[in-house]
Amino acid sequence: MSALVLDGKALAQKTEEELSARVAAMKEKSAGQTPILATILVGDDPASATYVKMKGNACRRIGMDSMQVELPSSTTTEELLAKIEELNANVNVHGILLQHPVPEQIDERACFDAIALEKDVDGVTCLGFGRMAMGEEAYGCATPKGIMRLLEAYNIELAGKHAVVVGRSPILGKPMAAMLLNANATVTICHSRTQELAEHIKRADIVVGAVGRPEFIKADWIKDGAVVVDAGYHPGGVGDIELGPLKERAAAYTPVPGGVGPMTINTLIYQSVDSGEKKLG
Ligand code: NAP
């Protein structure tokens, strides 16, 4: 039987319609004001520039404003911190996105952590992560939160299931594992030092691939009827998981492209609208 396709593109489109209506309602109540997402791009990495542009376009599609801040690749940690402080203090800014990665002379962690909690709509601060992990209110890190929203939209049962997350990065694997744990899954986190990776994955009801290597996780490591979530995207349109053979054997899977990717940007604007509503009503 064919696996259920967890269609992130369709869910993102549907959510954009709802967000557009919420932004329009906010504009009406607040004399034309909309939520504003400030995006910060440091340096001239073309991929980062494309991601920032896509995020600005998503804001425009739902009628929200974005403020684009571009800084040269020679920017220091102090200069970037000063810019973040300025945006924290700007009452018209409701969300701040610092595009990862920043040039290597910058202390990225210090800069992420300088973002005010209520404006951390990309979910990158240690404080936001800690609060989320403890089950307190905080915006979730955009990619794993997008995955959770996708699983929820398709009523994928998580409680009591064994989830194996492959990858433990601050923006993906670690918050993903905490979110699945909060949803009462039993969670195994694998990484580059994990021994017998295939054996761990074979026991998974839910597999999340967040490794950054094309088709690194093989289809025959994954049991029949598993839910397969692939966060990767590589040239040639493949992810971190060998999805081909799983389209018949899995219970459900995220396609690449069109699964996790669209949900990341969608979660960023979703959380920005929420932050705007808290300030603009
Ligand atoms: P990352 O920071 O490079 O982390 C990769 C993780 O994979 C690390 O935890 C690493 O373990 C682990 N790993 C590497 N080799 C491994 C191996 N042989 N066996 C087991 N684990 C191994 O990458 P990331 O930022 O989390 O991104 C992961 C993937 O998600 C990438 O494909 C990226 O393109 C994609 N992504 C997608 C979106 C989106 O919007 N769709 C957003 C972000 C990322 P160690 O910790 O031990 O080094």
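The basis for the numbers below is simple: all heavy atoms, side chains too, and nothing from hydrogens, waters or symmetry mates. The first residue in the sequence is number 1, and the count goes up from there. Remember, it's 1-based here, ligands and their atoms both numbered in the order they're listed.
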Heavy atom of the protein closest to atom 15 (N) of ligand 1 (residue, atom name, distance): Arg213 NH1, 3.6 Å
Could you tell me the residue and atom name of the protein heavy atom closest to atom 35 (C) of ligand 1, and the distance to it rounded to 0.1 Å? Ala231 O, 3.2 Å
Side-chain heavy-atom pair Leu6, Tyr154 within 4.5 angstrom cut-off: yes
Quick one: are Ile147 and Met176 in side-chain contact, heavy atoms under 4.5 Å? yes
Closest to atom 32 (O) of ligand 1 by heavy-atom distance, out of Gly212, Pro214, Cys190, is Gly212
Check if Met263 has a non-hydrogen atom at a distance under 4.0 Å from any atom of ligand 1. no
Among Ile40, Thr75, Val102, Ile84, exactly one meets side-chain contact (heavy atoms from CB on, under 4.5 Å) together with Cys111. Which residue is that? Ile84
Tell me: protein heavy atom nearest atom 40 (O) of ligand 1, and distance? Thr264 OG1, 2.8 Å
Is Lys223 close to Arg249 at the side-chain level, that is, under 4.5 Å between some pair of heavy atoms? no
Can you tell me how far apart CZ (Arg61) and CG (Asn266) are? Round to the nearest 0.5 Å. 9.0 Å
Tell me: protein heavy atom nearest atom 48 (O) of ligand 1, and distance? Ser192 OG, 3.6 Å
For ligand 1, which atoms have a heavy atom of Phe216 less than 4.0 angstrom away? 17 (C), 18 (N), 19 (N)
Between Thr264 and Thr143, does the side chain to side chain donor-acceptor pair (under 3.5 Å) criterion hold? Intermediate values first, please. CA-CA 5 Å; Thr264 299; Thr143 303; 3.1 Å; yes
Within the 4.0 Å heavy-atom shell around Gly261, which atoms of ligand 1 are there? 41 (N)
On a heavy-atom basis, which atom in Pro35 and which in Met64 lie closest, and how many Å separate them? O-CG, 3.2 Å
With Leu246, the side-chain contact (heavy atoms from CB on, under 4.5 Å) member among Ile241, Asp220, Asp224: Ile241
Need the ligand 1 atom indices (1-based, order shown) with element for anything under 4.0 Å from a heavy-atom of Gly167. 6 (C), 7 (O), 9 (O)
Is ligand 1 under 4.0 Å from a heavy atom in the side chain of Asp240, in the backbone, in both, or in neither? side chain
Minimum distance, heavy atoms only, to atom 9 (O) of ligand 1: which one of Met54, His100, Arg168 is it? Arg168
Tell me, do Tyr270 and Lys145 make a side-chain contact under 4.5 Å, heavy atoms counted? no
Closest by any non-hydrogen atom to atom 1 (P) of ligand 1: pick that one out of Gly146, Ala210, Ser169, Gly173. Ser169
When you measure from the side chain of Ser275 to the backbone N and O of His94, does any donor-acceptor pair fall under 3.5 Å? yes
Name the closest protein heavy atom to atom 27 (O) of ligand 1, giving the residue it belongs to and the distance to 0.1 Å. Leu172 CD1, 3.8 Å
Considering only non-hydrogen protein atoms, determine which one is nearest to atom 38 (C) of ligand 1 and report residue, atom name and distance to 0.1 Å. Thr143 OG1, 3.9 Å
When rounded to the nearest 0.5 angstrom, what is the spacing between CG in Leu41 and CG in Leu98? 9.5 Å
Measure the distance from atom 34 (O) of ligand 1 to every protein heavy atom, then report the residue, atom name and distance (to 0.1 Å) of the closest one. Tyr233 N, 4.2 Å
Pull out every atom of ligand 1 sitting under 4.0 Å from any heavy atom of Ile171, numbered as shown with elements. 25 (O), 43 (C)
Numbering as shown, the atoms of ligand 1 that approach His234 to under 4.0 Å (heavy-atom distance): 32 (O)
Identity and separation of the nearest protein heavy atom to atom 14 (C) of ligand 1: Val211 CG1, 3.8 Å
